[in-house]
Amino acid sequence: MRVRFAPSPTGHLHVGNARTALFNWLLAHGKDGTFVLRIEDTDTERSTRESEAGILEDLRWLGLEWDEGPDVGGLHGPYRQSERVHLYASYANELIAGGHAYYCFCSPGKLEDDRKGDLAAGRPPKYHGTCRDLPAEETRARMASGERPVIRFRVPEQVEVSFQDLVRGDVSFSSDVIGDPVLVRSDGRPAYNFAVVIDDALMEITHVIRGEDHISNTPRQVLLYQALGFTPPEFAHLSLVMGPDHTPLSKRHGATSVAEFRERGYLPEALLNYLALIGWSPGGGEELLPIQELARRFALEDVGHSAGIFDQEKLGWMNRHYMKEAPPARLAGEAVRYFLKRGYLRRHTDEAMQFLISVLPMAVGSVDRLEEIPDRLRFLFEFDPARSLAREDVAGVLHEPGAREVIAALPGALAATARLDRESFRAAAASVRQQTGQKGRALFHPIRVALTGEAGGPELDQAVPAIDRGAELSAGGELVPIATCRERAAAFAAAVADR
RNA sequence: GUCCCCAUCGUCCAGAGGCCCAGGACGUGGCCCUUUCAAGGCCAAAACGCGGGUUCGAAUCCCGCUGGGGACGCCA
């Protein structure tokens, strides 16, 4: 079995295409097949090397490695259509010689007029066949005079073209609704429908798995396979991924490219796992599965027929799950850039990373994306009593019975210790409890507010030692300056006393 | 307009004639846990688009309608 993913390098890798790539990958890896990556860059105006590099990078980030492709080579290369142009000409000539194709001199302007006329008259827009039966002498003469024709495929009339779609079953079209497609452009470059057929045949692709938007191209391609004497591959057309409003997923709906999801702090395994679940189910009521297991269970026959809506919420849930599973060191490596971007981290050193690793568990599990982690840990790096008190949830704590007493007593209780660890913090809390008679929520809520400036957040047992550890580290300039718990308690008490 | 594809909770899926007064997951609501906010645990509400057939029996098969999507390029 040989499958392929054939993106055109005209932009970022869209999640919908990533899903197509994934399904190809799953099939190949579940059945010991070969996954080929081919770059469809015959549209030289829009294709760029930058997007090609970006797409390769995104696929690799996702872990969808290919067995053959433009950068890794293979026995069926080259893997860029722009490097295969020499291959197409002979097949085009063969088709012309066999009467399956012909030269067409119609100008783009005329074609456009024809199309508009058809639409206006309520007819299906379809090539009029103007040049279908041009006498050979005329063709020769016009070419000799410098006209540059395209080569069109002669679609046979009144035949039923049908194929077995592995996900949809029998699909058939009448050849009468198919206009003669352009095979070779006037400048000699092949057009899509021609290049895919030649390449898939030459690369010995056995299963073409692609988006449903290609289903109406399939009959033309089947006809081409027949005219060229090739055996058509198996086809499978995947339903499309839509936005919440049932329109094609686009920037209006938020992130659409794999690169954006990476930037926003999604883990590749989460995105992959989520994408696999649109239009397919691994069965057994299980959803959170590693890609190898997905591949083991994957079958085209089980792929759904209807379009799926991209659900950011579920992706977020899934990402949260995978963040919890990831080892802290890996997570720190992935998250460090968000801390740098935020300015919390000033230098990417081993000490800073160690600190990150120790502090990350407090945030993971309560956020959906890596990008949200610094904000969840904001209390470590930012402390401003006046600003905190301006917030309703923080100010509200002052109204809790005994809260002001606790806040006032805190600086004294903290004076004894230079750097708080879990034990000394508990001792300090116990001391405040003794002085004020407050306990439980009435004790810890005010303490939290005084030390973190926030009404919510991770367990104080972890948060408090982390603050002082961070303060120590920040003295070395690796982190943004962090106030110690003692400093915070004093400043907060002063700010509260003023009110 | 023409052709093609599709149709189960708000969303993603399970369901391949009786196991279904439809099951799971996300989300939503409630409760619990709790040193707060999250997280987590438990419970609940929530769907077979409509109309005809076929059959003893239909979410499952057939037809029509409606609705959604795709295609109709010297784009892929």
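The sequence lines fix the lettering, A, B, ..., with proteins before strands; numbering per chain opens at 1.
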For the rings on A/F298 and A/W280, is their centre-to-centre separation under 6.0 Å? yes
Check: A/F310 ring centroid to A/Y274 ring centroid under 6.0 Å: yes
[N], OP1 or OP2 - any side-chain N/O from [X] closer than 4.0 Å?
| X | N | value |
| --- | --- | --- |
| A/R376 | B/C37 | no |
| A/R220 | B/C72 | no |
| A/S281 | B/C12 | no |

Between the base of B/G24 and the side chain of A/E287, is there a donor-acceptor distance below 3.5 Å? yes
Between [atom2] on [N] and [atom1] on [X], what's the gap in Å once rounded to a whole number?
| X | N | atom1 | atom2 | result |
| --- | --- | --- | --- | --- |
| A/N273 | B/A25 | CG | P | 15 Å |
| A/R448 | B/U35 | CZ | C1' | 7 Å |
| A/D245 | B/G68 | CG | C1' | 12 Å |
| A/I178 | B/C72 | CD1 | C1' | 10 Å |
| A/K314 | B/C12 | NZ | P | 10 Å |
| A/L183 | B/G73 | CG | P | 15 Å |
| A/D199 | B/A76 | CG | C1' | 13 Å |

Mind checking [X] for me? I need base, sugar-phosphate or nothing, with any heavy atom below 4.0 Å counting as a touch.
| X | answer |
| --- | --- |
| A/K324 | sugar-phosphate |
| A/G279 | sugar-phosphate |
| A/V182 | sugar-phosphate |

Test item: side-chain donor near acceptor, [X] and [Y], under 3.5 Å:
| X | Y | value |
| --- | --- | --- |
| A/S47 | A/T44 | no |
| A/H237 | A/D213 | no |
| A/R84 | A/T42 | no |
| A/Y266 | A/E371 | no |
| A/N17 | A/T20 | no |

Are any of the side-chain nitrogens in A/E293 or A/R296 under 4.0 Å away from the carboxylate oxygens of its partner? yes
Any Lys/Arg nitrogen of A/R252 or A/D245 sitting under 4.0 Å from an Asp/Glu carboxylate oxygen of the other? yes
Could you run through nucleotides 3-9 of chain B and give me one letter per nucleotide, 5' to 3': B if any protein heavy atom sits under 4.0 Å from the base, S if only the sugar-phosphate is that close, - if neither? SSBSS--
Pick the closest RNA chain B nucleotide for A/R426 and for A/L277 by heavy atoms, then say which residue is nearer the 5' end. A/L277
Whichever of A/R441 and A/S107 has its nearest RNA chain B nucleotide further upstream toward 5': A/R441
[X] side chain: which of [options] is closest?
| X | options | answer |
| --- | --- | --- |
| A/E313 | B/A76, B/G27, B/G1 | B/G27 |
| A/D461 | B/U35, B/G1, B/G40 | B/U35 |
| A/N217 | B/C26, B/A76, B/A39 | B/A76 |

What integer number of Å spans the C1' atoms of B/G23 and B/A46? 14 Å
At a heavy-atom distance below 4.0 Å, what parts of residues 358-368 of chain A sit against RNA chain B? A/G365, A/S366
More than 12 foreign heavy atoms under 6.0 Å from CZ of A/R132: is that the case here? yes
